[in-house]
Amino acid sequence: MLLLALSLEVYGLDASHIAVLYNVLDEDSRAIAFYYANRRKIPEHHIVPVSIKSPGRDLDPESFNDLLDGVRDRTSEYVEAYVLAWTLPFRVDCMSITSAFAFGFDTTHCATDCETTAVNPYFDSPSRFPYRDHDVRPAMMLAGRTVQNVKVLIDRGVSSDYTQPISTAYLKDTEDIARSTRASRYAIAVRNVSDRFPVRVIKSDDVPYLLDVMFFFTGAKSVPYLNRLGFLPGALADHLTSAGGVLIGSSQMSILDWIEAGATGSFGAVTEPCNFPQKFPDPALAMMYYLNGETLIEAYWKSVRWPGQGVFVGEPLAKPFAKRPRAD
């Protein structure tokens, strides 16, 4: 126990703290789970099969509760986070499936109208043990439109580790007032991070070609300049809008487009959240925790105060700013 605690305190989450879930009725899900487990050397007893019949976009709460009970029964006490190796389903009634796995299905994390929702106890926390300290297992989806897309995402995350990339954070301001509620946090991000990492606020809609993107945050229904963004391995990118987390079949841009463009992590709403900035990643916090060497799943989850309606997609163990462990 002492060695485990020391390792986690110094280096953050690693393969020994992850459980990978896959749908036994979906060959693509199985292929992704075992590819990820191999790339990240996830212990075999942390690969957990589940059965989701005819998966669509939604899973009903009763079926989900049965599934979660079975997963918890097979989850080691040392597991601190879940990885979901599928694209469908991404929602449990009014909650995202990643939040449902983290908190259990709980309607206080939902809002049918423009309302506040329950607070993430892991938000802006110094904890490196989310389950031990907060009884929360943050979850992230390994999702994509094809198995190959997800494998590329996984490879990108693995290749980012310890790279200390020379890169830039871009905070895009827009004239879309309804979706620009995070813009007030941009100045805080600049003040808190720019002494150790370059941060640029972009106001013009004529976005140039950018070859060093590690962070890109904006508010928009869609992003027409994705092909101009040169994402480096480990990059985070998202857009504040109503349905970015509706991974398949939305009239708005899916966060899978960020992943296909080269981002390693993204976040979006699966049900109408209204434009509370607290329901989306806080750029200053996401950047701060990531730059401090925490993994992608830790930094992203700690940046969202009310995450119940938003889904996290990405390679959770990516850690470009971590220090490489010393070989003793």
**Student:** Measure across Ala81 and Leu13 and return the closest heavy-atom pair with its distance rounded to 0.1 Å.
**Tutor:**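 Nearest heavy atoms, Ala81 then Leu13: CB-CD1, 4.3 Å.
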**Student:** Is there a path of hydrophobic side-chain contacts, each under 4.5 Å between heavy atoms, that joins Leu68 and Leu88?
**Tutor:**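 Yes; tracing contacts between hydrophobic side chains, which count when under 4.5 Å, links both residues.
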**Student:** Ser96 and Ser99: side-chain donor and acceptor closer than 3.5 Å?
**Tutor:**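 Short answer, yes.
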**Student:** Could you tabulate the donor-acceptor pairs under 3.5 Å formed by side-chain atoms of residues 197-212, not counting sequence neighbours?
**Tutor:**
unit_1 : atom_1 : unit_2 : atom_2 : d
Lys203 : NZ     : Asp173 : OD2    : 3.4
Ser204 : OG     : Asp206 : N      : 3.0
Asp205 : OD1    : Lys172 : NZ     : 3.0
Asp206 : OD1    : Arg228 : NH1    : 3.4
Asp212 : OD1    : Tyr170 : OH     : 2.6
Asp212 : OD2    : Thr168 : OG1    : 2.6

**Student:** For the hydrophobic clusters of this structure (ILVMFWY residues joined by side-chain heavy atoms under 4.5 Å, transitively), does one cluster hold both Val213 and Tyr225?
**Tutor:**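 Yes, because Val213 and Tyr225 connect within a single hydrophobic cluster, where side-chain heavy atoms sit under 4.5 Å apart.
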**Student:** Ignoring hydrogens and geometry, is there a side-chain-to-backbone donor-acceptor pair from Asp60 to Glu62 under 3.5 Å?
**Tutor:**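 Such a contact is found between Asp60 side chain and Glu62 backbone.
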**Student:** So do Asp133 and Arg128 actually touch side chain to side chain, heavy atoms under 4.5 Å?
**Tutor:**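 In short, these two side chains do not touch, never coming nearer than 4.5 Å.
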**Student:** Within the structure provided, determine whether Phe217 and Met287 are in side-chain contact (heavy-atom separation under 4.5 Å).
**Tutor:**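 Touching, per the 4.5 Å side-chain cut-off.
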**Student:** Nearest 0.5 angstrom please: Ile154 CD1 to Ser159 OG, how far?
**Tutor:**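 Those atoms lie 12.0 Å apart.
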**Student:** So with a 6.0 Å cut-off around CZ of Phe64, is the heavy-atom count from everything else above 12?
**Tutor:**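 Counting other residues, nucleotides and ligands, CZ of Phe64 exceeds 12 neighbours.
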**Student:** Carefully, step by step, assess Trp301 and Phe103 under the rule ring pair (Phe, Tyr, Trp, His ring centres under 6.0 Å).
**Tutor:** CA-CA 12 Å; Trp301 260 90; Phe103 306 123; 5.8 Å; yes
**Student:** What distance separates Leu236 CG from Ser303 OG, expressed to the nearest 0.5 Å?
**Tutor:**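 Between atom CG of Leu236 and atom OG of Ser303 there are 8.0 Å.
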**Student:** May I ask you to check whether Tyr22 and Phe34 place their ring centers less than 6.0 Å from one another?
**Tutor:**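 Yes, the ring centres sit under 6.0 Å apart.
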**Student:** Backbone N or O of Gln252 within a donor-acceptor pair of the Ser222 side chain at under 3.5 Å?
**Tutor:**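 Here the side-chain-to-backbone pair does not exist.
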**Student:** Could you check whether any side-chain heavy atom of Leu171 comes within less than 4.5 Å of a side-chain heavy atom of Pro283, counting everything from C-beta outward?
**Tutor:**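 Side chain of Leu171 against side chain of Pro283, heavy atoms only: contact under 4.5 Å found.
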**Student:** Quick check: do Ile18 and His46 have side-chain heavy atoms less than 4.5 Å from each other?
**Tutor:**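 No; the side chains remain at least 4.5 Å from each other.
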**Student:** For the OG atom of Ser76 and the NE2 atom of His45, what is their distance to the nearest 0.5 Å?
**Tutor:**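 So the OG of Ser76 and the NE2 of His45 are separated by 5.5 Å.
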**Student:** For Cys110, does its backbone N or O pair with a side-chain atom of Gln309 as donor and acceptor, under 3.5 Å?
**Tutor:**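 A pair under 3.5 Å: no.
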**Student:** Would you say Glu315 and Tyr36 are linked by a side-chain donor-acceptor pair, where the criterion is simply a distance under 3.5 Å?
**Tutor:**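 Yes, Glu315 and Tyr36 have a side-chain donor paired with an acceptor closer than 3.5 Å.
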**Student:** Aromatic rings Trp86 and Phe101: how do their planes relate, parallel, tilted or perpendicular, breaks at 30° and 60°?
**Tutor:**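 Trp86 vs Phe101 ring planes: tilted.
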**Student:** For Arg182, run the salt bridge (Lys or Arg N to Asp or Glu O under 4.0 Å) check against Asp176, Asp282, Asp238 and tell me which one passes.
**Tutor:**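 It is Asp238; the other options fail the test.
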**Student:** Please find the pair of heavy atoms, one from Pro138 and one from Ile297, that lie closest to each other, and give the distance.
**Tutor:**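 Taking every non-hydrogen atom into account, O-CD1, 3.7 Å.
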**Student:** Measuring from atom CZ of Arg30 to atom CG of Asn23, what distance do you get when rounded to the nearest 0.5 angstrom?
**Tutor:**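 These two atoms lie 11.5 Å from each other.
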**Student:** Is Val48 reachable from Ile52 through a run of hydrophobic residues whose side-chain heavy atoms are each under 4.5 Å from the next?
**Tutor:**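 Both belong to a single hydrophobic cluster.
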**Student:** Any side-chain to backbone donor/acceptor pair from Ser167 onto Pro165? Under 3.5 Å, distance only.
**Tutor:**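 Yes.
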**Student:** Once rounded to the nearest 0.5 Å, what's the spacing between atom CE of Met95 and atom CG of Asp106?
**Tutor:**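 Reported to 0.5 Å precision, the distance equals 6.5 Å.
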**Student:** Side chains of Asp58 and Pro89: closer than 4.5 Å at any heavy-atom pair?
**Tutor:**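 No, too far: nothing below the 4.5 Å cut-off.
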**Student:** Are Val119 and Phe105 connected, step by step, through hydrophobic side chains (Ile, Leu, Val, Met, Phe, Trp, Tyr) whose heavy atoms are closer than 4.5 Å?
**Tutor:**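 Different clusters.
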**Student:** For Leu153 versus Ala263, what's the shortest heavy-atom pair and its separation?
**Tutor:**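 Looks like CD1-O, 3.9 Å.
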**Student:** Please tell me if the side chains of Lys302 and Glu294 come closer than 4.5 Å, counting only heavy atoms from C-beta onward.
**Tutor:**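 Lys302 vs Glu294: side chains touch.
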**Student:** Any chain of hydrophobic side-chain contacts (each under 4.5 Å) joining Ile248 to Trp258?
**Tutor:**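 Yes; tracing contacts between hydrophobic side chains, which count when under 4.5 Å, links both residues.
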**Student:** Counting C-beta onward and ignoring hydrogens, is there a side-chain heavy-atom pair between Arg179 and Thr174 closer than 4.5 Å?
**Tutor:**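 Arg179 does not reach Thr174 side chain to side chain.
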**Student:** Could you tell me which residues satisfy side-chain contact (heavy atoms from CB on, under 4.5 Å) with Val304, sequence neighbours excluded, listed by chain and number?
**Tutor:**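 For Val304 the side-chain contact (heavy atoms from CB on, under 4.5 Å) partners, ignoring immediate neighbours, are Phe267, Pro281, Pro307, Phe312.
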**Student:** Any heavy-atom pair between the side chains of Asn192 and Met288 that's under 4.5 Å?
**Tutor:**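 A side-chain contact is absent here, since even the closest heavy-atom pair is not under 4.5 Å.
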**Student:** Sort out for me which residue in Arg40, Lys323, Arg39, Arg156 forms a salt bridge (Lys or Arg N to Asp or Glu O under 4.0 Å) with Asp161.
**Tutor:**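 That would be Arg40; it is the only one of Arg40, Lys323, Arg39, Arg156 passing the salt bridge (Lys or Arg N to Asp or Glu O under 4.0 Å) with Asp161.
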**Student:** Scan side-chain atoms only and decide if Glu272 and Ser242 contain a donor-acceptor pair under the 3.5 Å cut-off.
**Tutor:**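 Per modelled atom types, Glu272 and Ser242 side chains form a pair under 3.5 Å.
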**Student:** What's the separation between atom OG1 in Thr163 and atom CE in Met214, rounded to the nearest 0.5 Å?
**Tutor:**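 Rounded to the nearest 0.5 Å, the OG1-CE separation comes out at 6.0 Å.
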